[in-house]
Protein chains: 2
Amino acid sequence: MNEQDILKDAERHCTKTGARLTPLRRRVLELVVRADAPVKAYDLLSQIDRSNTSAKPPTVYRALDFLINAGLVHRVEALNAFVACPQAGHGHAAVLYICEVCTKVTEVQGARPGQEHKPEGFCVTRSVIEHYGQCMNCR
Amino acid sequence: MNEQDILKDAERHCTKTGARLTPLRRRVLELVVRADAPVKAYDLLSQIDRSNTSAKPPTVYRALDFLINAGLVHRVEALNAFVACPQAGHGHAAVLYICEVCTKVTEVQGARPGQEHKPEGFCVTRSVIEHYGQCMNCR
DNA sequence: TTTGTTTTGTTATGTTATCACATCCGCACA
DNA sequence: TGTGCGGATGTGATAACATAACAAAACAAA
């Protein structure tokens with residue numbers, strides 16, 4: 001799935017769900033999609049800055065919050081970074097495989113990890129699943 | 001497993017592996033164990049500070065690095081916090097269930113998540129697996 | 001005791017994230 | 001047309017998290 005398709009898909013998804021993909025938010029999404037690897041909030045900020053002098057940290061963090069809630073972007077917890085979700089709206093339930101050499105992230109949907117050993121009565125609302133290692137090309 | 005047992009166990013583990021559990025590191029481990037929930041680095045710092053005025057951020061981060069490497073402590077990525085590992089040396093391979101109400105963490109060993117959908121050729125060296133929700137008591 | 005290594009102290013700074021309040025903009029409705 | 005409302009963005013400040021770089025001390029091996 002290429003950059004343009006992902007963006008179109010995001011538009012459609014937002015239209016359908018009533019989420020407001022404003023120009024600023026779209027711009028941030030675009031930057032995340034283009035990065036094609038986990039990108040830092042302050043890197044996004046400096047890129048936005050080139051076109052919009054008024055961008056400040058809250059600008060980018062707010063946009064990212066929106067995008068994460070809309071299921072368009074994932075936060076990579078162990079990297080304090082963000083990646084585009086290749087499938088709009090599947091933002092929750094993702095399992096990430098992160099190559100520590102080339103930094104590329106492969107997202108696997110529907111790979112809900114076995115919760116066989118889940119503590120009794122525990123009700124999971126959100127899972128962070130990130131596997132780090134080397135991808136095929138980088139070994 | 002109670003606090004004292006965990007500390008004894010940690011001592012034994014370090015003796016066996018040749019890791020040097022110095023007074024400072026032991027003190028930090030003690031604080032993490034006592035907390036019985038994820039603790040922040042700066043909270044540890046302010047607790048150490050009461051006895052050791054010279055404690056600075058690197059003091060606690062270095063001790064934590066050591067403890068994590070020794071498999072005595074886990075970093076909870078999505079919280080920027082740290083928890084004691086109830087089983088010395090099993091520090092890698094852990095799956096954490098974190099109650100967002102009472103903040104308590106239950107660690108499950110040996111619950112390696114299915115990697116059935118792992119990208120071909122990907123070699124995992126480290127996994128971050130954190131489930132957030134409500135524990136039985138807090139529902 | 002000398003030497004090399006590890007640990008700890010110390011200052012400074014880098015990086016990540018949020019708060020609080022002001023302003024703007026689109027929209028519904030009088 | 002204007003007025004009020006709510007969501008989005010602008011703005012300045014600061015909080016929270018983490019590391020770099022170098023100095024001093026502790027310690028163990030030779």
Side-chain angles (χ1 to χ4, degrees), chain A residues 10-11 14-15 17-32 35 37-70 72-83 103 128 130, chain B residues 10-11 14-15 17-32 35 37-70 72-83 103 128 130:
Chain A
E11 301 267 16
C14 287
T15 305
T17 61
R20 297 170 56 175
L21 190 60
T22 63
L24 179 60
R25 290 164 174 174
R26 207 197 128 90
R27 174 100 179 91
V28 171
L29 176 59
E30 218 173 281
L31 292 173
V32 176
V39 59
K40 302 280 196 165
Y42 277 71
D43 290 346
L44 293 170
L45 182 56
S46 66
Q47 292 184 264
I48 298 170
D49 238 357
R50 295 209 245 292
S51 47
N52 176 357
T53 324
S54 71
K56 300 276 181 303
T59 310
V60 65
Y61 281 105
R62 286 193 287 227
L64 287 168
D65 275 355
F66 168 87
L67 295 169
I68 289 167
N69 273 292
L72 302 173
V73 162
H74 300 290
R75 183 183 157 82
V76 185
E77 295 291 349
L79 298 180
N80 296 328
F82 304 85
V83 285
T103 79
V128 173
E130 301 172 2
Chain B
E11 300 266 18
C14 287
T15 304
T17 61
R20 296 169 56 174
L21 190 61
T22 63
L24 178 60
R25 289 164 174 174
R26 206 197 128 92
R27 174 100 177 89
V28 171
L29 176 58
E30 218 173 282
L31 291 172
V32 176
V39 229
K40 302 283 196 164
Y42 276 70
D43 289 347
L44 292 170
L45 182 56
S46 65
Q47 291 184 264
I48 297 171
D49 238 357
R50 295 210 245 291
S51 47
N52 175 357
T53 323
S54 72
K56 300 279 179 306
T59 309
V60 64
Y61 280 106
R62 286 193 287 227
L64 287 168
D65 276 355
F66 168 87
L67 295 170
I68 289 167
N69 274 292
L72 303 172
V73 163
H74 299 291
R75 183 183 157 83
V76 185
E77 295 291 348
L79 298 179
N80 295 330
F82 304 85
V83 285
T103 78
V128 173
E130 301 172 1

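Here is how names work: the chains are called A, B, and so on, in the same order as the sequence lines, proteins then strands, and each is numbered from 1. All heavy atoms count here, side chains included; hydrogens, waters and symmetry mates do not. Since the model is a prediction, treat every value here as computed from it, not as a measurement.
Applying a 4.0 Å cut-off to non-hydrogen atoms, the residues of residues 19-27 of chain B that approach DNA chain C are B:Arg20, B:Thr22, B:Leu24, B:Arg25, listed by residue number.
Atom CG of B:Leu67 is separated from atom P of C:dT8 by 10 Å (rounded to the nearest Å). The distance between atom NZ of B:Lys56 and atom P of D:dA23, rounded to the nearest whole Å, is 18 Å. A straight line from CG of B:Asn69 to P of C:dT6 spans 14 Å, rounded to a whole angstrom. Distance A:Asp43 CG to C:dT16 C1': 12 Å, rounded to the nearest Å. Rounding to whole angstrom units, CG of residue A:Leu44 and P of C:dT15 are separated by 15 Å. Distance, B:Leu64 CG to D:dC17 P: 13 Å, rounded to whole Å. In this structure, the CG atom of A:Leu45 is 11 Å from the P atom of D:dG10, given to the nearest Å.
The main-chain N or O of A:Val76 is never found under 3.5 Å from a side-chain atom of A:Glu130 such that the two would form a donor-acceptor pair. Distance alone, capped at 3.5 Å, is enough to place a donor-acceptor pair between the B:Arg25 side chain and the B:Arg20 backbone. A donor-acceptor pair under 3.5 Å is absent between the side-chain atoms of B:Gln47 and the main chain of B:Leu31, judged by distance alone.
Rounding to the nearest 0.5 Å places CD of A:Glu77 at 8.0 Å from CG of B:Asn80. Within the model, atoms CZ of B:Arg26 and CG of B:Leu72 stand 11.0 Å from one another, a figure rounded to the nearest 0.5 Å.
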Solution key, residues 55-68 of chain A side-chain donor-acceptor pairs under 3.5 Å, sequence neighbours excluded:
residue : atom : partner : partner atom : Å
A:Thr59 : OG1  : A:Lys56 : N            : 3.0
A:Thr59 : OG1  : A:Lys56 : O            : 3.0

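OP1 or OP2 of C:dT16 has not a single side-chain nitrogen or oxygen of B:Asn80 nearer than 4.0 Å. Proximity of B:Lys40 to the phosphate of D:dA16: no side-chain N or O atom is located under 4.0 Å from OP1 or OP2.
Candidate nucleotides D:dA18, C:dT10, C:dT16 were compared by shortest atom distance to the side chain of B:Phe82, and D:dA18 ranks first.
Of all the heavy atoms in B:Ala81 and B:Lys40, the pair that sits closest is CB-CD, 4.3 Å.
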Enumerate the protein-to-nucleotides 19-22 of chain D contacts in which both atoms are nitrogen or oxygen and the separation is below 3.5 Å.
none

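Put simply, the side chain of B:Arg75 does not reach to within 4.5 Å of the side chain of B:Val83, judged on heavy atoms.
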